[in-house]
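Data first, discussion second: the structure below is written as structure tokens.
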Amino acid sequence: QVQLVESGGGLVQAGGSLRLSCAASGRTFERYAMGWFRQAPGKEREFVAAFNRIGSSTYYVDSVKGRFTISRDNAKNTVYLQMNSLKPEDTAVYYCAADRDSGLGHVVPRFGYEYDYWGLGTQVTVSS
């Protein structure tokens with residue numbers, strides 16, 4: 001069982017930056033692929049970025065490439081999402097998710113059904 005707690009959301013002007021954090025409980029953090037999703041009002045949940053379990057690969061949705069960076073610190077059981085050059089369309093609740101990858105760890109999970117655990121989310125609002 002893994003519990004995920006997101007933090008770092010808030011209100012920022014367009015062009016600004018935020019860094020989201022996701023703290024995971026437990027001692028097996030390194031066994032999980034980690035990802036970020038978001039859901040805007042009236043829209044479906046959307047994949048944003050993820051790391052594979054072994055940390056060798058990342059994947060980003062096209063709309064955030066070059067602006068967002070996902071990283072993880074296994075010693076701190078934490079995954080981060082650095083968000084730069086924020087746009088109003090980035091406004092959403094951002095969720096952290098963990099995929100207990102029982103395979104070789106090379107795959108970057110990009111779909112919600114691949115993840116086993118979810119945080120409660122943190123609100124990001126970008127004003128124009």
Return a table of donor-acceptor pairs under 3.5 angstrom between the side chains of residues 44-52 and protein atoms on other chains or two or more places apart.
{"residue": "E46", "atom": "OE1", "partner": "R38", "partner atom": "NE", "Å": "2.7"}
{"residue": "E46", "atom": "OE1", "partner": "R38", "partner atom": "NH2", "Å": "3.3"}
{"residue": "N52", "atom": "OD1", "partner": "G55", "partner atom": "N", "Å": "3.0"}
{"residue": "N52", "atom": "OD1", "partner": "S56", "partner atom": "N", "Å": "2.9"}
{"residue": "N52", "atom": "OD1", "partner": "S57", "partner atom": "N", "Å": "3.1"}
{"residue": "N52", "atom": "ND2", "partner": "S56", "partner atom": "OG", "Å": "2.9"}
{"residue": "N52", "atom": "ND2", "partner": "G105", "partner atom": "O", "Å": "3.3"}
{"residue": "N52", "atom": "ND2", "partner": "H106", "partner atom": "O", "Å": "3.1"}

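Atom CG of D116 and atom CZ of R100 lie 8.5 Å apart (nearest 0.5 Å). Rounding to the nearest 0.5 Å gives a distance of 5.0 Å between CD of Q13 and OG of S127. Here the CG-CG distance, from L81 to L18, works out to 9.5 Å after rounding to the nearest 0.5 Å.
Using a 4.5 Å cut-off on side-chain heavy atoms (C-beta onward), M34 and L4 make contact. No side-chain heavy atom of D101 sits less than 4.5 Å from a side-chain heavy atom of P109. Residues K87 and R67 have side chains in contact (heavy-atom distance under 4.5 Å, counting atoms from C-beta outward). Looking at heavy atoms from C-beta onward, Y59 lies out of side-chain contact with I70 at the 4.5 angstrom threshold. Looking at F68 and Q82, their side chains never come closer than 4.5 Å, going by heavy atoms from C-beta outward. Between Y94 and M83 the shortest side-chain heavy-atom distance falls below 4.5 Å. Residues W36 and L20 have side chains in contact (heavy-atom distance under 4.5 Å, counting atoms from C-beta outward). Using a 4.5 Å heavy-atom cutoff, the side chains of R110 and V61 are not in contact.
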>> With side chain to side chain contact (heavy atoms under 4.5 Å, CB included) as the criterion, how do T125 and V12 come out once you've worked through the C-alpha distance, each side chain's angles and the decisive distance to 0.1 Å?
In response: CA-CA 6 Å; T125 303; V12 64; over 6 Å; no
>> R53 vs V107, test: side chain to side chain contact (heavy atoms under 4.5 Å, CB included). Steps then yes/no.
In response: CA-CA 8 Å; R53 179 173 60 81; V107 175; over 6 Å; no
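Within a 6.0 Å sphere centred on CD of Q3, heavy atoms belonging to other residues, nucleotides or ligands number 12 at most. In the displayed structure, L120 atom CG is contacted under 6.0 Å by at most 12 heavy atoms of other residues, nucleotides or ligands.
Residues S17 and S85 approach most closely at OG-N, 4.3 Å, considering heavy atoms. Between V126 and D90 the shortest heavy-atom distance is CG2-CB, 4.3 Å. Considering every non-hydrogen atom in both F111 and Y115, the closest pair reads O-CD1, 3.3 Å. Taking all atoms of both residues into account, the shortest heavy-atom contact from Y117 to V2 is CD2-O, 3.6 Å.
Taking 4.0 Å as the cut-off between side-chain N and carboxylate O, K65 and D62 count as a salt-bridged pair.
Within the 3.5 Å criterion, the main-chain N or O of A33 finds no donor-acceptor partner in the side chain of D99. A distance-only check finds a donor-acceptor pair linking the side chain of T122 to the backbone of G9 [under 3.5 Å].
With no hydrogens or angles considered, no side-chain donor-acceptor pair links D73 and T78 at under 3.5 Å.
Y80 and V108 are members of different hydrophobic clusters when ILVMFWY side chains are connected at heavy-atom separations under 4.5 Å.
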